[in-house]
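Because the structure is a prediction, the values reported are computed rather than measured. Count residues from 1 along the sequence.
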Amino acid sequence: MKKVLILSSSPRRGGNSDTLCDEFLRGAIKAGNNAEKIFLRDKAIHYCTGCSMCSLYGKPCPQKDDATEVIGKMLAADVIVMSTPVYFYTMSAQMKTLIDRCCSQYTKMADKEFYFIVTAAEDDRKKMLRTIDTFQGFLDCLENPTVKGIVYGLGVWHTGEIKGTPAMQEAYEMGKSI
């Protein structure tokens with residue numbers, strides 16, 4: 001049994017990427033894993049201020065928000081699923097803000113398995129590579145991360161359009177395969 005953390009950065013609860021997170025969660029639980037989804041919009045996570053308290057002085061971030069809790073769960077997880085709707089061919093601000101706040105702890109995020117979920121109105125997988133590259137930029141800073149899978153929910157814009165697409169089954173099966 002693995003500890004699975006799903007980070008949904010959709011600004012719309014029940015949006016297309018959030019719905020794929022639910023399917024991944026369903027599969028991970030079905031496989032007997034301890035799985036949790038965090039809807040980032042429910043959390044107060046402020047922008048990194050670049051104060052360097054964490055990076056230069058080794059002190060905890062002085063901001064009092066939910067980033068510490070979420071990052072703590074990332075550190076405790078075996079598997080991290082990072083999900084985003086694609087805006088202008090990159091990740092949502094909610095996801096990027098969380099990643100930036102990992103500065104104080106990223107060196108402790110060793111040996112994690114990662115899955116990515118991306119959704120976009122665009123129906124061209126090749127154009128989504130920029131978003132995946134942005135996720136990979138974060139992973140390039142970690143110790144021994146492994147990308148285990150990517151779910152592409154393409155050609156969807158309005159809430160609910162993801163339902164009935166192959167991406168729904170892919171998300172469920174990926175979660176179940178953990």
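Under 4.0 Å is where a charged nitrogen must lie from a carboxylate oxygen, and between Lys2 and Glu113 at least one such pair does. In this structure, Glu69 pairs ionically with Lys43, as a charged nitrogen and a carboxylate oxygen lie closer than 4.0 Å. Classification of Asp42 and Arg13 as a salt-bridged pair holds, one side-chain N sitting under 4.0 Å from a carboxylate O. Salt-bridge formation is not detected for the pair Arg26/Asp22: no Lys NZ or Arg NE/NH1/NH2 atom is positioned less than 4.0 Å from an Asp or Glu carboxylate oxygen.
Contact record, Ser92 with Ser9: OG-OG, 2.8 Å, taken as the closest heavy-atom pair. Of all non-hydrogen atoms in Ser10 and Gly15, the two that sit nearest each other are OG-CA, 4.3 Å. The heavy-atom pair separating Ser83 from Met95 by the smallest distance is O-CE, 3.4 Å.
Judged purely by distance below 3.5 Å, without hydrogens or angles, the side chains of Thr90 and Thr131 never pair a donor atom with an acceptor atom.
The backbone N or O of Met1 lies less than 3.5 Å from no partner atom in the side chain of Asn33, so there is not a single donor-acceptor pair. Here the side chain of Glu173 pairs no donor or acceptor atom with the backbone of Gln169 at under 3.5 angstrom. Without hydrogens or angle criteria, Asn16 side chain to His158 main chain gives a donor-acceptor distance under 3.5 Å. Looking only at distances, no side-chain donor or acceptor of Asn34 sits under 3.5 Å from a matching main-chain atom of Lys3.
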Note to self: If you apply the rule side chain to side chain contact (heavy atoms under 4.5 Å, CB included), what do you find for Met109 with Phe138, and how did you get there?
What the structure shows: CA-CA 11 Å; Met109 285 187 200; Phe138 173 58; 4.0 Å; yes
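The CD1 atom of Ile71 lies 13.0 Å from the NZ atom of Lys73; values are rounded to the nearest 0.5 Å.
For Thr97, the side chain to side chain contact (heavy atoms under 4.5 Å, CB included) criterion is met by Ile45, Tyr47, not counting sequence neighbours. Applying the side chain to side chain contact (heavy atoms under 4.5 Å, CB included) criterion to Met128, with sequence neighbours excluded, gives Val86, Tyr89, Ala120, Glu122, Tyr152, Leu154.
With a 4.5 Å cut-off between side-chain heavy atoms of Ile, Leu, Val, Met, Phe, Trp and Tyr, the cluster of Phe24 takes in Val4, Ile6, Leu20, Leu25, Ile29, Val79, Val81, Tyr115, Ile117, Val151, Val156, Ile162, Met168, Met174, Ile178.
Both Ile150 and Leu139 belong to a common hydrophobic cluster when Ile, Leu, Val, Met, Phe, Trp and Tyr are linked at side-chain heavy-atom distances under 4.5 angstrom.
Here the options are Lys37, Arg12, Arg41, the test is side-chain hydrogen bond (donor to acceptor under 3.5 Å, both in side chains), and the partner is Asp18; only Lys37 passes.
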